[in-house]
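A short worksheet on the structure shown next.
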Amino acid sequence: MTVHIRTQEEIAARVKALEALMIEKGIMTTAAIDRLAEIYENEVGPQLGAAVVAKAWTDPEFKARLVANATAACAEMGIGGLQGEDMVAVENTDTVHNVITCTLCSCYPWPVLGLPPNWYKGPEYRARIVREPRKVLREDFGFDVPDSVEVRVWDSSSEMRYWVIPVRPAGTEGLDEKALAALVTRDSMIGTGAPKAP
Amino acid sequence: MGYRQDATELGDARRRVEALVSGMPGESAPFEQPWELRAFAMAVAAYHAGQYEWSEFQLSLIDSIKRWEAGDGGEPWSYYEHWLTALETVLAGNGALSDADLDDATKAVLATPPNKGHHEAHREPVAVDPAR
């Protein structure tokens, strides 16, 4: 069987045709699609997760609730939605470093991290991070995890979506939540990077 | 929604996020082509409209990716093509979409490019509102 590789023009036309058919059948409206596109492109993003992490760093009771039930703790801050129903926040410590993936597709906690970057969805990261996590972190992300630290790789699925609470950087004792949130990067919540230094 | 912020805060947050993602290995924007964002939003819209359970869509997406992984590698990797295939599959599965209708509508779109007629010079005003 020969594989017909579609051009971008053909795919774009198919998406446009699909949208027209769905609107014609009354299944959705252009306004609804526009609004969802805007929300996910511009409004939902890792700045929301960063705010949650900063609160956890400054409020031990909140952190305990976050570790116990991430979805409920995020809801306290008005953060939640599709792909955020069963979230688990795994906490990094001096002896354990966590990193997330989805081996089957691209499950990812949208409400706190936004949409995943392309490399997270790609077949290479999904396969290699499981086989050789330390090497992938070092070679692909320039992130060295000391040998004394255990690396745990968590596989998200539609039933449970993981994300990482990074270790609070040293020298941040005087910073408030807002300043701390600015240090929390998307990759530090995926586990492929560290938070920024103050 | 609880996470909506005022325009200034949102702008600040976006600039901060853009600063964070620049310098990442490879490019990091979630969408490379406009159709990808459109297909993404349509799948969420159809879910909100009660067309399917989100888990059905996810299983369909996993299926499409698995078939690609089991293939001979002739097709280049495109995450959102799998997304589109999954969306078409679940909509066809519940009777909301016929493949033949979609094929016909796609051909019609391809036959009417958005810039049709743009290679011709238009030498007269396209509209005139006469003096009164």
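Below, chain A is the first sequence line, B the second, and so on; all start at residue 1.
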Part of [X] within contact of chain B (heavy atom distance under 4.5 Å):
X	value
A:Leu82	side chain
A:Thr30	both
A:Leu21	side chain
A:Ala20	neither
A:Gln83	side chain

Non-hydrogen atoms of chain A under 4.5 Å away: do they reach the side chain of [X], the backbone, both or neither?
X	value
B:Leu59	neither
B:Asp104	neither
B:Leu84	side chain
B:Ile65	side chain
B:His48	side chain
B:Lys66	side chain
B:Glu69	side chain

**Item:** A:Trp110 ring center within less than 6.0 Å of B:Trp54 ring center
**Value:** yes

**Message:** Before we go on, tell me: are the rings of A:Phe62 and A:Trp57 under 6.0 Å apart, centre to centre?
**Reply:** no

**Request:** Would you please say whether a donor-acceptor pair under 3.5 Å links the side chains of B:Tyr79 and A:Ser106?
**Result:** yes

**Request:** Tell me yes or no: between the side chains of B:Trp35 and A:Gln8, is some donor less than 3.5 Å from an acceptor?
**Result:** yes

**Request:** Please list, chain by chain and in numerical order, all residues satisfying salt bridge (Lys or Arg N to Asp or Glu O under 4.0 Å) with B:Asp101, sequence neighbours excluded.
**Result:** none

**Request:** Classify the angle between the aromatic ring planes of B:Tyr52 and B:Phe57 as parallel (below 30°), tilted (30 to 60°) or perpendicular (above 60°).
**Result:** parallel

**Between B:Leu102, B:Leu97, B:Leu37, the one whose heavy-atom pairs under 4.5 Å with chain A are most numerous** = B:Leu102

**Prompt:** Do the side chains of A:Pro117 and A:Tyr108 get nearer than 4.5 Å, heavy atoms only?
**Reply:** yes

**Message:** Which heavy atom of A:Pro146 sits nearest to which heavy atom of A:Arg134, and what is that distance?
**Reply:** O-NH1, 3.1 Å

